[in-house]
Structure formats: structure tokens, C-alpha cells
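Everything below concerns the one structure shown next.
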Amino acid sequence: MKRWRSGWLRWAAVLFVTTGLLAPFLANDVPLVARIGGTWRFPAVADCFGVPTAGPGDLSWKQWWSRLSPDGDDFAWMPPWPYGPQETDPERRAAPPSWSHPLGNDDTGRDVLARIVHGAGTAVRIGGAAVLLAGAVGTLLGLLAGRRRGVVDFLVLRLLEVFLCFPSLLFVLFATAFFGTSSGALVLVLASLLWTGFTRVVRGELLSLRERDFVLVARGLGVGEWRLVLRHLLPQLRSQIGVTAAFAFAAAVIAESTLTFLGLGPQAPSSWGAMLQQGKQMAPLGAWHLWLFPALAIVLVVGGCHTIADRLRNRPA
Amino acid sequence: MTRWLLLRLLWALVTLFGITVVTFVVLDRAPVDRAELEAEARAQNGALTDLASRDAAILRLRVNYGLVDPTTLAPLPVWRRYANWLDNALALRFAGPGEDPAAFWRRLGRALPVTLLLGSLALLVAFGLGVPLGAWAGTRAGSRGDRLLSHGTFVLAGVPEFLLATLLLLAFGGAWLQWLPSSGLHSRDAAAWPWWQRQLDLAWHLVLPVAVLATGPLVMVARFVRDAVARAAAAPFAANLAALGLEPAVVRRRLLRNGLAPVATLVGVLLPVLVGGSVLVERVFALDGLGQLAFAAVQQQDQAMVMAIVVLMAVVTLLAMVLSDLLHAVFDPRVRLAR
């Protein structure tokens, strides 16, 4: 654990997760705080919950903001990157990177940087939720199975085998088609595939740890069964579970972007897979920035997860 | 041995049963069923304009597809429909009720060879390149070549299949270089060509899809072989052989024999990866294989077809897993097939 905690990789991971979680506050075309005629409004907070707020009067927030006079009573605090993922600019269709838009604009004139930031939000929310759910369920099942050989262990193993033989992409494909396209459904489907890794690791490690002398000592001192598992055995599995979680997160990000690449899955406002699909279609027209940046984002996140897993694994618990 | 095999096959059957149950229950969660989709398609073609005739048509279709009880017209519970499906499937009647079995099998039969060709070529490439590469790196563990290979496989492992497909397509299939065809298996007027030219054309079309499909397994095989051989090289017997004064080439050969035995177990792990990959590859390169068929069946809520494809793929995967355990025991005399 120590080696990755102190490395630059940790800061990269923290940066990625915070960027993703705070995406609506970092890149948006509505103000964080606005004061109109003495009343305070918080459009970006509402946007965070998926509730679009209408701008003041007939104007959009952006138009209102650009006409704001500095010495008036009204006031607005825009996000650091004042472009929204859905904000179109007809003047800048498929414009290449420039000083005002460092990653360029897509074919409807949306800012690519804002879309990448919001795509990170989609990846963090869906991947994170799926990994947390899968980790909780998988670890619990692994503990139940590895605690002692018996009926529970046998049943969990059979269930594991069923899910391991599943062609996972096919399963995700039809499950999203049949469950509907909400992101909650996708999280459930991903979690139902990812739990197997956690269960396998926890069960296997528990089976070998159980034979060690300190377990015998603890038992002899009268430590109860569940206390033994939770306080003495589970903490030793931390780095193994961390490795599994890193791989699972990478797999979840890949699955989510694959689905949106194929035009399926949740209709999130921006996703790297959907951006790549768009970039693929625009590439023959010379718009290289539309495929390069989402591709880089995916490779960096997946590669980063694999590196974290690698470092955790090379370190004995 | 026979007893082990029988038990393994029995458990594979139980697993197969579990897979069909899970799939059927998930399919049942659909917000709209096939009858509604078909009625809607007909309504868009101008038929079934009023609601009453539309409802009647939906009901007729539901009876036709066995979604409701034909006498009471009440929706059948999921377990009853699963029992019906299982009853039919045990007699190998995979086509749904109200469907032409011959047409059903013809659709499957046309798609299967494409996927088999893709999958077997990808396996061939993965093992044909991965085993020598891994063995080469494993016998030189720690050298510059070994590190180069491990960095290379690490980068490749971080590139998802759909991204690799897009990059290769953009590079060689159109946007940059127009070297390779970007979709389909045959050129437009290939039917009139002589036999050998058609084969060349097919191979030409297969380069990109097989490259995408083989990359994931190739990385897995190369890493696995490298680690196994490196572990054998670090074992005491390797130092022993060297101390006996055997030539390095002879020592290497013995290491390989030892390190390569567990490779057979990889087949079972690779098949689900290949199956998942073929869905994507067939979709991106527009190849009419099982993956495309499954994709279309999912979009039309064609439960019978999805179930047939899932069963087919699960049977192949399960058999491959049993086979790879058997092969492992054959290659490595230390492995005993217990019980």
C-alpha cells in the first residue's frame, strides 16, 4: 500500500476522481452562484442533480453572463472553465484546438475539454458505484465461502462458475438492452459481473491464511469466529482487494465506454466511448482532435488502474 | 480418470443450467416484449392504425410467441415460460414457438462459420506468437528484451478492444492509409473471381478483425508463458542442470518443457474473452457472425435466438475448460486429476 500512496500516481488518481465528481462545477455554461435582483440562485448545483435551470428572462445563462455589467448590482460566479458539455457554438463546428478551446470543438461546436471532463464524471460515477457494490457483495460472499468448507462454500463456488463462463460483453449488451438504459441498471449489470473477482481472491486468501499459526493462537485465546475473520483476517487482504478493485474499475470503464461507443447504454450527456464513435466518423474529414483526446483519456485511466494494481501486487501485504 | 471426467461434465451441465436460468430471468426484465415491437413496426408501415386493432394484433403475436396462456390469455409467469423453453431445448428445439425452425437454424448456420473462423484464427495468432515471445523473454528474464516485451504487453493491455479497432481502422482502413478493407468479408464483385483470388480476398478482409481479436489473448498468453518459464528458470533444478555442465540450449529446452505445460489451462480462460471480443469486432467491422446475430436479436427482443446463442457459447466455453484441464494433466505428469 505504501508505495502507491507516496507516488505521483496517487495524485493522478485523486485528481481524476475529484475532476469526475466535481465536473458540473469545473466545466459548465451556467454560473455556480448568481445574484439577480437581490435573489441568489445556484444553477450549477441544480445541474449536478440533473435538473436544468432556465436562465433569467428569455436569455440563457451564458448570454446573461456575457451582458452583465461589472458595476451593476447583479453578480455571477462562473465555473473555472465556462463551457458546458452540451453548449453548442455554430461558429466553431469541428474547429481544431486553439488558445480559446485547447482541445478544439466537435461537429456541433461543443467544447471538447468540457466533454472530456464530464466524461470523466460518467466514468467515475458508474465505475465507482459498480466497483463499490461488487466489492461489498463479492467480499462478503468470499468471507462466507472461505470461512470454512461446507455447503455455503460449495454453493458460492457453483455460482462463481456460472458467472465465469458468461461471455461478459454479450451479457452487458443484452442486459442493458433488456433492463433499459438508466445508469443505475448499468451499475447493477457491471456489479453482477465484477463481484466474481473479489470473491475468488478473498476466498482463496482466506483458505490459506486459515492454516497459519496465528489463527490457532487467536482461537486459543477465545477470539470469536466473526471477530477473527473481520479483525484478524480481513485486514490482511487489503492490498489483494485493492488490486482486484483497480482491475475491476478499469474493466468497468472499458465496459461503459464500449457500450456508449456502440450507441447503447445510458444516455449520459457525455461519455468517452460516444465521443470516440463521433471522432471515428469525423476522422476522414480531418478532425483528428475528436478521436485523439477521448482515446488518450481512456488509455490513461485504464493504464493508470493497471499500474496501481501492479504496484499494489508487487508489495507484500 | 473416467470418473473425474464424468463428474466434471456433470458439473458443467449444472453450470449450464445456471447460465440459462440467469439469462432467461434477465431477458424477462425487458420493458417491452417482442410482440409490442413487431406491432409498432407494422404500425409505422401504415397498418394497424386504430388502437383496438393494434391491441388485438399484439395479443395475437403474444399467443404466437408463447408469452401468454392460449386459453385464458393471462400472461404466463416467468418460471412457466422457462419450463416451456427448457422442455423444448432438451429436445434441441431452440426456435421459439411460432417460428420456422428451418429458418432459425439457417440463420444460426450462416453466422456460426464466420465466428468460428475469426475465433480460431485469433487463437492461432495468440498462441503462435504469444508462446515463442513469452518463452524467449522467460529464458532471458530481466534482460533488456524481456523488459521491452513486458512494457509492450503492459501498454497493449491498457488499450480496450473497441479503441484498438478504431485506431487500426483509422490508420489502415480509410482515414490515413487505405491499405486494408474496413468492413465485410468479401469485396463487392468477388463472386466472379477465381477460387484462389477469393481466398486471398477473404484473408485480406480478415487482417484487421483478427488483429483486434487476437491482441487481448496474445498479451495474456505471452505474459503467462513468460512468467511460467521464468519461474522454472529460477527453480533449483535449473541451476542443477547448469551446474552439471549442460549446454545453455539444452537447459533452455528443459525449462520450456516445464514451463509450457500449464499453457493448456489458458484455453479455458481465453474463450470467454474471445466470445466477448467477437461481438464487438463483428459489430465494428460489419461481419455477419454470431455476435452480430446476437446484437440484432437483442434489439428485436428475440429471446429464443439470444438463448440459443448463449447456450451455444456456454457449451463451447465449458467444454474448453474441461478439455484444458485434461490437457494440463497430459502435458504435466505431476498434475493428478483428483477425484
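None of these values were measured; they are calculated from a predicted model. Quick note on labels: first sequence line is chain A, next is B, and so on, each numbered from 1.
For a residue to count as touching a neighbouring chain, one of its non-hydrogen atoms must lie under 4.5 Å from one of that chain's; by this rule B/Phe295 touches chain A with backbone and side chain alike. Contact annotation for A/Ser192: neither backbone nor side-chain heavy atoms come within less than 4.5 Å of a heavy atom of chain B. Of the atoms belonging to B/Leu167, it is side-chain heavy atoms, and not backbone ones, that fall under 4.5 Å from chain A.
Residues A/Phe261 and A/Trp291 keep their aromatic ring centres 6.0 Å or farther apart.
A side chain to side chain contact (heavy atoms under 4.5 Å, CB included) with A/His306 is found for exactly one of A/Val302, A/Ile308, A/Asp310, namely A/Val302.
No hydrogens or angles considered: a donor-acceptor pair under 3.5 Å links the side chains of A/Glu256 and A/Ser271.
Options B/Leu271, B/Thr15, B/Ile309 differ in how many heavy-atom pairs under 4.5 Å they form with chain A, and the most are formed by B/Thr15.
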I would like to know whether B/Glu282 and B/Thr115 meet side chain to side chain donor-acceptor pair (under 3.5 Å); could you show each step before the answer? CA-CA 8 Å; B/Glu282 285 170 19; B/Thr115 303; 2.8 Å; yes
